[in-house]
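Remember, it's a predicted structure, so these values are computed and weren't measured experimentally. Every heavy atom of this structure was used, including side-chain atoms; hydrogens, water molecules and symmetry mates were not.
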Amino acid sequence: MQKKVYIESYGCQMNVNDSEVVASILAKDGYTPVQSAEEADLVLLNTCSIREKAEYTVLQRINEMNNLKARNKDLKVGVLGCMAERMREDLLEKKKVVDLVVGPDAYRTLPELLEKVGTGQKAVNVLLSREETYGEIVPVRLDTNGVTAFVTIMRGCDNMCAFCVVPFTRGRERSRDPQSIVAECRDLWAKGYKEVTLLGQNVDSYKWKPTASASDAGAEGTRSVDPPGRPGTDGSVPTDFADLLELVALAVPGMRIRYSTSHPKDMTDKVLAVMARYDNICKYIHLPVQSGSSDVLKRMNRGYDRAWYLERMASIRRHMPDCAISTDIIAGFCGETAADHQETLSLMREVVYDMAFMFKYSERPKTLAARKYADDVPDDVKGRRLQEIIDLQKTLSAQRMAGYVGQEHDVLIEGVSKRSAEHMYGRNSQNAVVIVPRHADGAELLPGMFVRVTITSATAGSLQGAVIKVRDLQTATA
Ligand code: SAH
Ligand code: SF4
Ligand code: F3S
């Protein structure tokens, strides 16, 4: 009999994609995904540790599992992801309802662990790996709109930003074989997907070094079929992130390509040049700044200062005047003064971000900041600074969005607008949401269609447009 699994994902896009890898591993073990915890034999919570609040949300959700278990005695509950890695056996101690704890590098062992759980025992595997990339596993797309998909290109992080728990929960950085990335993108295209987002904590440090045997294979002739001056698609030559972007752009020329996340200290002009060269690479960069103060950035161990960040911004604008930029900002990091905070606000005004994710600093166990610095900005001050950052960003977003009015954009339709069944929503290359009438150019718009749109009006959160024509994305090299 088919067993039913319900997977709930918290945290970043990489977790969402990991859940799809887990669904794929479990499919071979006889599990089909279902849409609610109530109908499942196995509930898996794929969790996030990035801030205390994120963990609190999951701990509350775990408590709710007691009610489900009361109704379904055979139900098993597992915790995956970053909280599993961080809390390990403690989770089993704290929450009796949990049967299974599995860290982000141990998903291949799920079938064995579940077998153990099936006999009434608890099971834990939180071993981190230096090699695991789940490279050849084809993810089972969950909650999909059939149009956009995530493709993880690397795992872990070696950066040790002082505030960040990720290096502890995700382990050392490692890159996935470019050949398997290209194959996954081709497969998605064949299945009708129109947009991929390449994922990594710091995509700019993507680095594939062929093994000795792979280069030997290349020497026997595979390399010679590649166009001159372009990296091979066989994984037999060293590949950096710019090379990878170009490989994917050429392999699936009709597909839109996005990526996340860039790191200001590592973002190269080579990447920007590739982005500028290919129409199917979206003109959007998420470039987290964290703070506008060089003193704070130094304590954060980010590896750049304010001047360096602004120079990177200028380079983006030189390469792609129409590129949208978003960011992450932390308010109230250790030792942040009122003057530091003002520097963050002034940097925001200077850059004029399209969008920002904004957070109050939350101390995480084991991190450099937790060990070295006092969490000394009072909570109410953190809150006030965060609110000022949010208020300013609202104005800046509105300003950026208003700038699009009157322009023509290509929009990839993703689905029916939540507000009106007579409207569809999609995104332009700059990642802004665009709302258009459902019927246009004599046709009904469907998810996956590209439409040429004139932007007619804007709010801080979305654009409204009028369809000029339905068309395929014009792609290939400039
Ligand atoms: N790899 C990405 C960030 C991943 S975490 C990068 O380097 O940019 C996403 C965001 O969460 C971070 O950019 C940061 O703004 C925020 N964040 C991380 N740790 C945090 C903490 N301890 N408190 C508050 N915000 C945090
Ligand atoms: Fe965390 Fe820094 Fe790595 Fe991003 S780059 S995941 S913020 S340690
Ligand atoms: Fe959270 Fe882990 Fe992602 S801590 S943000 S789920 S890498």
Side-chain angles (χ1 to χ4, degrees), residues 13 141 144-153 178-200 203-204 206 226-227 229-233 239-262 267-287 316 319-326 354 404 407-414 426-434 445-453 465 467-478:
Q13 296 168 331
R141 303 291 162 182
T144 176
N145 58 10
V147 180
T148 60
F150 296 130
V151 175
T152 298
I153 64 167
Q179 199 180 7
S180 77
I181 296 169
V182 166
E184 187 173 332
C185 293
R186 285 210 171 101
D187 180 55
L188 285 165
W189 177 253
K191 288 174 175 153
Y193 286 83
K194 296 292 159 61
E195 182 180 298
V196 290
T197 303
L198 308 179
L199 295 180
V203 292
D204 297 297
Y206 176 88
D226 297 323
R230 293 219 174 104
T233 55
T239 307
D240 64 15
F241 181 59
D243 300 332
L244 179 73
L245 258 187
E246 184 162 39
L247 280 178
V248 175
L250 288 169
V252 280
M255 186 89 101
R256 258 190 181 180
I257 298 148
R258 300 187 186 278
Y259 64 87
S260 192
T261 302
S262 298
M267 193 188 66
T268 63
D269 284 354
K270 186 178 169 192
V271 167
L272 298 178
V274 169
M275 285 181 77
R277 196 174 313 136
Y278 295 94
D279 281 346
N280 59 332
I281 305 178
C282 289
K283 303 301 177 271
Y284 169 67
I285 299 178
H286 182 60
L287 195 64
I316 294 171
H319 283 87
M320 294 166 285
D322 59 344
C323 192
I325 319 279
S326 61
D354 284 71
Y404 293 127
Q407 294 182 1
E408 282 186 20
H409 286 257
D410 288 318
V411 173
L412 172 59
I413 301 297
E414 289 179 26
R427 283 169 202 275
N428 62 6
S429 175
Q430 287 77 8
N431 207 37
V433 171
V434 184
L445 298 186
L446 299 170
M449 283 180 172
F450 280 105
V451 290
R452 188 81 181 155
V453 167
V467 175
I468 306 166
K469 65 176 172 193
V470 178
R471 64 168 218 181
D472 278 333
L473 183 66
Q474 299 301 302
T475 51
T477 42

TODO: Please round to the nearest 0.5 Å and tell me the distance separating atom CG of Leu198 and atom OG1 of Thr152.
DONE: 9.5 Å
- [ ] Please identify each residue that fulfils side chain to side chain donor-acceptor pair (under 3.5 Å) with Lys270, with sequence neighbours left out.
- [x] Asp240, Asp243
Open item on the list: Can you confirm whether Asp269 sits close enough to Leu272 that some side-chain heavy atom of one is under 4.5 Å from a side-chain heavy atom of the other?
Closed with: yes
Open item on the list: Does any part of the side chain of Lys283, heavy atoms only, come nearer than 4.5 Å to the side chain of Asn428, both counted from C-beta?
Closed with: no
TODO: Mind checking the CD1-CG spacing from Ile181 to Leu244? Nearest 0.5 Å is all I need.
DONE: 4.5 Å
Open item on the list: Using the side chain to side chain contact (heavy atoms under 4.5 Å, CB included) criterion, which residues pair with Ala249? Sequence neighbours excluded.
Closed with: Ile257, Tyr278, Asn280, Ile281
Open item on the list: Rounded to the nearest 0.5 Å, what separates atom CG in Asp410 from atom CD1 in Ile468?
Closed with: 9.0 Å
Task: Shortest non-hydrogen contact between Val434 and Gly465, atoms and distance - done: CG1-N, 4.3 Å
Task: Considering all heavy atoms, the nearest Gly448-Lys194 contact - done: O-NZ, 3.4 Å
Task: Residue pair Ile153 / Tyr206: nearest heavy atoms and the distance that separates them - done: O-CE1, 3.4 Å
TODO: Please name all residues satisfying side chain to side chain donor-acceptor pair (under 3.5 Å) with Arg141, sequence neighbours left out, ordered by chain then number.
DONE: Glu20, Glu184
Task: Residues in salt bridge (Lys or Arg N to Asp or Glu O under 4.0 Å) contact with Asp322, at least two apart in sequence or another chain - done: none
Open item on the list: So, using ring pair (Phe, Tyr, Trp, His ring centres under 6.0 Å) as the criterion, who are the partners of Tyr404 when residues are at least two apart?
Closed with: His409
TODO: Find out whether Cys282 and Asn431 are in side-chain contact, i.e. whether some heavy atom of one side chain is under 4.5 Å from a heavy atom of the other.
DONE: no
Task: Minimum-distance pair of heavy atoms, taken over all atoms of Tyr193 and Ala149 - done: CD2-CB, 3.8 Å
Task: Set of side chain to side chain donor-acceptor pair (under 3.5 Å) partners for Tyr284, sequence neighbours left out - done: Ser326
Task: Pairing residues for Arg258 by the salt bridge (Lys or Arg N to Asp or Glu O under 4.0 Å) criterion, not counting sequence neighbours - done: Glu195
Task: Spatial distance of atom CD1 (Ile316) from atom CD1 (Ile285) [nearest 0.5 Å] - done: 4.0 Å
Open item on the list: Test of understanding: with ring pair (Phe, Tyr, Trp, His ring centres under 6.0 Å), list the residues that count as partners of Tyr259, not counting sequence neighbours.
Closed with: Phe241
Task: Contacts of Asp187 that satisfy side chain to side chain donor-acceptor pair (under 3.5 Å) - sequence neighbours left out - done: Lys191
TODO: Rounded to the nearest 0.5 Å, what's the gap from OG1 on Thr239 to CD on Gln179? Could you check?
DONE: 10.5 Å
- [ ] Report yes if the side chains of Val196 and Trp189 come closer than 4.5 Å at any heavy-atom pair, otherwise no.
- [x] no
TODO: For residues Met255 and Cys185, report the shortest heavy-atom separation together with the two atoms involved.
DONE: CE-O, 3.4 Å
- [ ] Tell me, with the steps shown, if Leu245 and Val203 meet side-chain contact (heavy atoms from CB on, under 4.5 Å).
- [x] CA-CA 10 Å; Leu245 258 187; Val203 292; over 6 Å; no
Task: Side chain to side chain, Ile413 and Leu446, heavy atoms closer than 4.5 Å - done: no
Open item on the list: Test of understanding: with salt bridge (Lys or Arg N to Asp or Glu O under 4.0 Å), list the residues that count as partners of Glu414, not counting sequence neighbours.
Closed with: Arg427
TODO: To the nearest 0.5 angstrom, please state how far the CE atom of Met267 sits from the CG atom of Asp204.
DONE: 7.0 Å
- [ ] Not counting sequence neighbours, which residues clear side chain to side chain contact (heavy atoms under 4.5 Å, CB included) with Ala273? List them please.
- [x] Arg277, His319
